[in-house]
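FYI, side chains are in, hydrogens and waters are out, and symmetry mates aren't considered; it's all heavy atoms of this structure. Chain letters run A, B, ... following the sequence lines, proteins first and then strands; every chain starts at 1. From a predicted model like this one, the values you see are computed outputs, not experimental measurements.
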Number of protein chains: 2
Amino acid sequence: MAKDTDDTIAGRISRELADRIILGAIEPGARLRQDHVAKEFGTSHVPVREAFRRLEAQGLAVSEPRRGVRVAAFDLREVREVAEMRAALEVLALRHAAPHLTAAILDAAEEATRAGDTARDVRSWEEANRAFHRLILAPCAMPRLLASIDDLHAASARFLFATWHAEWEARTDHDHRAILASLRQGQLDAAAATLARHVQWIGKRPVKTPSGKTRETFAIVG
Amino acid sequence: MAKDTDDTIAGRISRELADRIILGAIEPGARLRQDHVAKEFGTSHVPVREAFRRLEAQGLAVSEPRRGVRVAAFDLREVREVAEMRAALEVLALRHAAPHLTAAILDAAEEATRAGDTARDVRSWEEANRAFHRLILAPCAMPRLLASIDDLHAASARFLFATWHAEWEARTDHDHRAILASLRQGQLDAAAATLARHVQWIGKRPVKTPSGKTRETFAIVG
DNA sequence: AGGGGACATTTTATCTATAATTCATCGCCA
DNA sequence: TGGCGATGAATTATAGATAAAATGTCCCCT
């Protein structure tokens with residue numbers, strides 16, 4: 001839904017804030033104060049409020065009338081929800097994209113997979129992963145579907161960064177390779193099944209809480 | 001995503017405009033001029049702009065910077081796209097809702113089906129149809145998924161009203177009954193399959209264009 | 001007659017200032 | 001100590017003004 005070619009101030013603010021929220025630079029539950037944001041961006045509060053509405057629609061912020069807007073919180077339930085929605089919608093997109101996939105596209109997707117495997121931090125891994133999914137899905141040419149998937153990817157990335165914001169160990173993405181192999185052989189059902197399982201794989205990771213206890217955090221890793 | 005309990009002026013305006021767009025009271029492509037809307041609602045232009053942003057996110061309006069916002073146009077491709085997205089997401093919701101479905105809910109859904117069968121105009125049919133889908137899906141308790149489905153229902157209703165805005169003939173909804181029967185017997189796969197086919201059934205209807213020619217219009221009818 | 005450019009109008013996008021409402025906090029007093 | 005009201009802060013909304021862009025009109029020139 002978010003147009004990248006939106007040169008309005010409201011558009012710039014919403015993109016910048018979305019980035020920060022996804023990267024975890026602003027914590028879940030933190031208040032977004034319109035006058036502070038306005039001052040930071042050197043604007044008035046009017047475009048800031050419009051940016052807030054867009055973030056709300058993307059699920060990155062929640063607004064309570066007369067009580068301001070906060071960065072959306074999330075829990076394991078929502079991580080699962082987003083993963084299942086991605087599975088359903090990405091499979092749909094893949095089925096429509098498949099007839100239009102070319103060897104060049106599949107090669108580019110394989111290159112993206114390699115870039116992900118050698119990524120040294122979460123951020124570049126996420127970028128490569130997103131590129132892979134976009135490459136094989138975009139040929140479906142269904143704008144509304146692709147926009148929804150983009151929003152879900154943003155949510156996924158947020159969960160991912162929240163969990164692995166510091167360390168990251170390189171790992172070979174066998175799922176991506178299996179999907180590409182199936183697509184090259186025209187085995188659409190197999191590719192779709194692998195994709196569905198892939199995006200629902202939820203990584204677990206122990207994390208030390210401020211109080212010293214150890215709990216597990218979760219994120220979609222695919 | 002649209003909260004019905006939003007007592008801000010922007011919320012009221014966006015709900016009212018959404019209703020008009022869905023009902024076809026404002027035609028696709030028509031410009032939404034902020035000052036006109038502001039005057040009509042007796043407000044300033046600021047909440048109007050916020051309302052526009054929400055409509056944009058719902059896919060009911062499109063905005064080009066510095067060129068204003070228009071009611072979104074749509075064609076058969078988008079009707080199909082929305083139908084397929086609904087199939088994918090409603091099946092997902094149904095699979096999660098099924099374990100929480102009670103006899104009371106299924107009875108209410110059957111009542112909604114009866115109301116739809118005896119509806120004398122499109123509008124009341126649409127209301128009953130939406131109630132049916134909401135009843136059997138809401139117990140999945142996945143807010144983000146349900147919000148997406150709601151937006152897609154709004155789009156479906158728009159296509160429906162655009163096609164059958166005048167005449168409407170009552171018809172018995174066999175699909176709804178088959179879905180309920182399957183659910184009562186615990187046959188989730190059968191219910192899901194029927195639901196998926198049901199929401200993708202696209203009604204066709206000949207329509208006279210202003211120029212005197214006859215063409216076909218299309219809408220999701222389920 | 002028709003095309004092109006100058007000009008006026010409209011509309012958007014934004015800012016500033018200000019009022020009203022509501023929420024949170026803090027201190028006072030019983 | 002605990003409830004209660006006052007104060008302050010932030011959001012929500014209004015009003016009016018301004019700059020920039022787009023649209024439309026009209027006239028002139030070829």
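Spacing between atom CD of B:Q34 and atom C1' of C:dA13 amounts to 7 Å, rounded to whole angstrom units. Counting to the nearest Å, the P atom of D:dT12 and the CG atom of A:D35 are 11 Å from each other. When the P atom of C:dA20 is taken as reference, atom CD1 of B:I9 falls 14 Å away, rounded to whole Å. When the C1' atom of D:dA13 is taken as reference, atom CZ of A:R53 falls 12 Å away, rounded to whole Å. Note: CD (A:E50) to P (D:dT12) measures 14 Å, nearest angstrom. Atom CD1 of A:I13 is separated from atom P of C:dC15 by 8 Å (rounded to the nearest Å). Atom CZ in A:R12 sits roughly 14 Å away from atom P in C:dA13 (whole-Å rounding). Here the P atom of nucleotide D:dA20 and the CD atom of B:E64 are 22 Å apart, to the nearest Å.
Closest to the A:S44 side chain, of the nucleotides C:dT14, D:dA13, C:dC15, is C:dC15. Taking the side chain of A:V46 as heavy atoms from C-beta on, and the options D:dA13, C:dA13, C:dC15, the nearest nucleotide is C:dC15. Among the nucleotides C:dC23, C:dA13, D:dG16, the one closest to any side-chain atom of B:H45 is D:dG16. Distances were taken from every side-chain heavy atom of B:P47 (C-beta onward) to each of C:dT11, D:dT12, D:dT14; the shortest belongs to D:dT14. Between D:dT23, D:dA17, D:dA13, one nucleotide has an atom nearer to the side chain of B:T8 than all others, and that is D:dA13. Between C:dT11, C:dA13, C:dC15, one nucleotide has an atom nearer to the side chain of B:R33 than all others, and that is C:dT11.
Under the 3.5 Å distance criterion, the side-chain polar atoms of A:E90 are left unmatched by any main-chain donor or acceptor of A:L137.
Summary of the strand contacts: A:R31 and A:A10 both lie near DNA chain C, and taking for each the nucleotide with the nearest heavy atom, the more 5' one is attributed to A:A10. Each of B:H36 and A:G42 was assigned the nucleotide of DNA chain C with the nearest heavy atom; the assignment lying further toward the 5' end belongs to B:H36.
Salt bridge status for A:R130 with A:D150: absent, with no side-chain N to carboxylate O gap under 4.0 Å. Remark: B:E56 engages B:R53 in a salt bridge, criterion side-chain N to carboxylate O under 4.0 Å.
Across A:H176, A:H198, A:H153, a single residue satisfies ring-ring contact (aromatic ring centres under 6.0 Å, His included) together with A:F132, and that is A:H176.
Distances shorter than 4.0 Å separate some side-chain N or O of A:R49 from OP1 or OP2 on D:dT12. For B:R66, no side-chain nitrogen or oxygen approaches OP1 or OP2 of D:dT23 to under 4.0 Å.
Considering only heavy atoms from C-beta on, A:R158 comes within 4.5 Å of A:L60 through its side chain.
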